[in-house]
Every structure is written in C-alpha cells, then in structure tokens.
Amino acid sequence: MNRSSTVRSRPRRPAALLRPALPGAVLLALVLAGCSEPDGGGDAHGEPELGEVAVAPATASLSLPLDAYTDTDAETVRMGQVQQRLISRCMARYGFPYEEVGPSDPAAAQGPEGRHRALFGAVDPEFAAAHGYDMTAGKGRPVKPPAAPLSESAHLVMHGERPGGQQGGAKLPDAPSEEEAAGVDSGIDIGGQKVPAGGCVREAYRKLYAPTKDSVDLLFPFGLASEAHERSKSDSRVAEVLKNWSACMGKSGYTGLKDPYEVVQKLGLEADPGGPKAVTAAKADVACKREVNLVGIWAAVEKAYQERLVEDQAETLALYKKQREARYKLAAGLL
C-alpha cells in the first residue's frame, strides 16, 4: 500500500505427508501428533491438540488457517496499485496531477519460501548455504526517483494539512471510515471544494479499506496471527523443541541461543548477514532445525492456536472476508 498513508493496528482480542528424516524426528512427530495434553487437551484454556505433524516440511508448503484471510504478496502489491489509483483520482478532482508510484516486482517480493518463508528463521539448506541470513538476497534494491515537490495547495489536497504539519500540534480532522468522513469538515477549501478529512491519502485508504462504519480493521487477521504465534512460543511442545534445537546448536559451538530469532543479533551478524560467518551459522541452524523437526512441530502447534482463534472470531472473520471480496471487486473496476 502507499507508504504515505498511516495504517494503525487496532487488533481486537482476537495434512501434510511425512518426509524422510532421522528416525528420532519421525518418532517425535508421531508421538506429538497422537498424544493428549496433560492440561486438558482440546480445552480452550489449555494447550490445543495437534493434528498431523509433518517432518521437516518446506515453509513454502505450509498452510495455516489465517492464510485464508490475508493477502499474498502479489495481492498486497495489487491493493497498493488500487490505493495509488484512488489517490490519483482524488487529486484530479482538484486539478492536480499525481504520478502513481509503481509497484515493486511481486515475484521478487514473494521470495523462495512463500508467505511463511521467515516464520521460523532460516530453514532452507540451499538458501542458507548461498546467502546465510540475508533475506534480501536476490530481490534487488530498486531505487525510486524522488517524488516531484508539491505546491502548498497540492500538499493541502494530498495530506489535508500544510507542509510542516499543523500549527501548535493541533489534531487533524479525520474519520475512521468513509461513511463517517462525510460528516467531518476538514476546514480546508481549494477552488471552492472541501478537501476530504486527512486529504486524498486518507480518502483513498478509507474507500479501499474502511468504506463503512462496520469495516473490520485491515490488520485484524494479522493481529490474530501474531497472537497465535505468541501463544505458540509459550507452548510446552515448542519449548521442548527449542530446547533440543539450542542443544544441537551448542554442539556446533553456538551456545546460549534460546530461539532462532536471536541468532543474527547474538552472533553479531547484523553487518554482514550473508557473509562467510553467517553462512556457516545458518547451515548449522538449518541442520539443527531439521534434526529436531522444529518447523514441523512448531507449525503444527501454531496451526492449532490459529484454529482456536479462527473459531473464536468466526463472525468477525466472516465479515472481514466479505469486505475483502468487495475490495477485490473495486480493484477489478479500477485496474
């Protein structure tokens, strides 16, 4: 989406085939899939029961329940184009040209492991051997030319405020939805026309993502996914596999690591995540994840927590899905 807009998260409370692997990992996967939990199994207040636990699955093959409510990278790029088109149309109403910002390459954005490629850190042995922890490798870094400077009037229409912001830190008139924006006076008049609250940037966002009062927050499914992930990190089965992964990493000389997310920082690899030192560490990291079946176990646990949240938030998610389909219909008419 357009970087000029401000999107605030207000999240509400919201069978894979077994692959050949080490016998220990296979045994552990089968035990985890079939065992009941000591604190209540499927009880909503205990650890959820697991379905089938795949062994060393590729993250590209992972499918989680909340995927049905989140856009792919290509869809996100497309929605960004729609938002740009809406800004352009709004600016044209006031006689100002607007050069739409072109999208980045969706294929490059997608990367080798799909939407869950970085969920558990480095997981692909070939990528780790070639690039270590450099997740930007192969994507390129296109440099966009600077935007043409806006006149004061154009800036007013675009952002709903003068260059430099509001005097005295005054809060800009705005509305949570386009339906409500009809009753909000921006206090700005250009050529005899009232500028929409928040300018064309906010109008475009509201038309696409919040057209009515009952619009579900764009980030609602992401908030649920984040909640499921946080819950999974406290799950006893994930704690156990992380303990095993840490011990495996220790045997390779990487001691004191609690989870895959702290590897780059704790090993001092930020400056050169694709260098020789990072490649060596990433190869050990991936090998240990496969040895203890970290991805298979953690993905199964995360899926179980997502299923629970999807059931709890079924009504809101159904409305969100209906509204997303309306966005796609709007996009089809604009692009």
Side-chain angles (χ1 to χ4, degrees), residues 1-12 14 69-94 96-104 106 109 144 147-148 150 153-163 165-166 170-188 190 193-226 316-317 319-335:
M1 74 185 61
N2 181 11
R3 295 180 180 176
S4 300
S5 61
T6 300
V7 182
R8 295 179 180 176
S9 173
R10 301 187 299 275
R12 311 171 199 181
Y69 306 93
T70 56
D71 291 346
T72 64
D73 287 340
E75 288 166 341
T76 299
V77 167
R78 184 164 176 256
M79 290 300 104
Q81 290 178 277
V82 173
Q83 197 167 353
Q84 289 286 304
R85 185 64 50 84
L86 289 170
I87 292 174
S88 179
R89 288 190 172 190
C90 176
M91 293 291 286
R93 294 203 311 264
Y94 299 87
F96 295 107
Y98 175 74
E99 185 176 348
E100 297 178 23
V101 179
S104 57
K144 294 180 181 178
L150 297 173
S153 294
H155 192 282
L156 274 169
V157 174
M158 177 75 123
H159 301 288
E161 64 178 354
R162 289 178 171 79
Q166 291 290 90
K171 187 175 181 181
L172 285 171
D174 200 356
S177 71
E178 188 64 9
E179 181 180 353
E180 294 162 288
V184 176
D185 186 353
S186 68
I188 302 172
I190 298 291
Q193 295 187 79
K194 283 290 184 182
V195 172
C200 288
V201 167
R202 281 293 295 158
E203 180 188 270
Y205 174 82
R206 289 190 300 260
K207 283 187 172 181
L208 185 58
Y209 295 113
T212 57
K213 291 180 181 179
D214 68 345
S215 295
V216 181
D217 194 292
L218 171 64
L219 298 182
F220 182 67
F222 296 94
L224 292 181
S226 178
T316 303
L317 286 171
L319 179 59
Y320 181 92
K321 200 167 189 177
K322 180 180 179 181
Q323 291 171 352
R324 188 173 69 149
E325 290 169 356
R327 287 198 288 273
Y328 289 166
K329 185 176 181 180
L330 174 63
L334 288 173
L335 298 179

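FYI, side chains are in, hydrogens and waters are out, and symmetry mates aren't considered; it's all heavy atoms of this structure. Keep in mind it's a predicted model, so treat the numbers as computed, not measured.
With a 4.5 Å cut-off on side-chain heavy atoms, Leu218 and Tyr320 count as touching.
Separating the CG atom in Leu172 from the CD1 atom in Ile188 is a distance of 7.5 Å, to the nearest 0.5 Å. Rounding to the nearest 0.5 Å places CD of Glu178 at 9.5 Å from CZ of Arg202.
No donor-acceptor pair under 3.5 Å is formed between the side chain of Ser226 and the backbone N or O of Phe222. The backbone N or O of Val201 sits nowhere less than 3.5 Å from a side-chain atom of His159 that would complete a donor-acceptor pair. Within the 3.5 Å criterion, the main-chain N or O of Pro196 finds no donor-acceptor partner in the side chain of Glu203.
What you find for Ala181 and Arg206 is that their closest heavy atoms are CB-NE, 3.5 Å. Taking each heavy atom of Ser186 and Pro173 in turn, the nearest pair found is O-CG, 3.8 Å. When every heavy atom of Ile190 is checked against every heavy atom of Phe96, the shortest pair comes out as CG2-CE1, 4.3 Å. In terms of heavy atoms, Glu75 sits closest to Thr70 at OE1-O, 4.3 Å. Heavy-atom minimum distance, Val184 versus Ala197: CG1-CB, 3.8 Å.
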I would like to know whether Leu86 and Leu334 meet side chain to side chain contact (heavy atoms under 4.5 Å, CB included); could you show each step before the answer?
CA-CA 8 Å; Leu86 289 170; Leu334 288 173; 3.7 Å; yes
So Tyr98 and Met158, side chain to side chain contact (heavy atoms under 4.5 Å, CB included) or not? Walk me through it.
CA-CA 9 Å; Tyr98 175 74; Met158 177 75 123; 3.1 Å; yes
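A side-chain hydrogen bond (donor to acceptor under 3.5 Å, both in side chains) with Glu100 is found for one member of Arg85, Gln83, Gln81, Gln84 and no other, namely Arg85.
Sorted by first and then second residue, the salt bridge (charged side-chain N to carboxylate O under 4.0 Å, His left out) pairs with a member in residues 324-335 read Asp71-Arg324; sequence neighbours excluded.
Not counting sequence neighbours, Arg78 has no partner by the side-chain hydrogen bond (donor to acceptor under 3.5 Å, both in side chains) test. In this structure, the side-chain contact (heavy atoms from CB on, under 4.5 Å) partners of Glu180, at least two apart in sequence or on a different chain, are Ala175, Pro176, Ser177, Lys213.
A donor and an acceptor atom, one from each side chain of Gln323 and Tyr209, are nowhere located under 3.5 Å apart.
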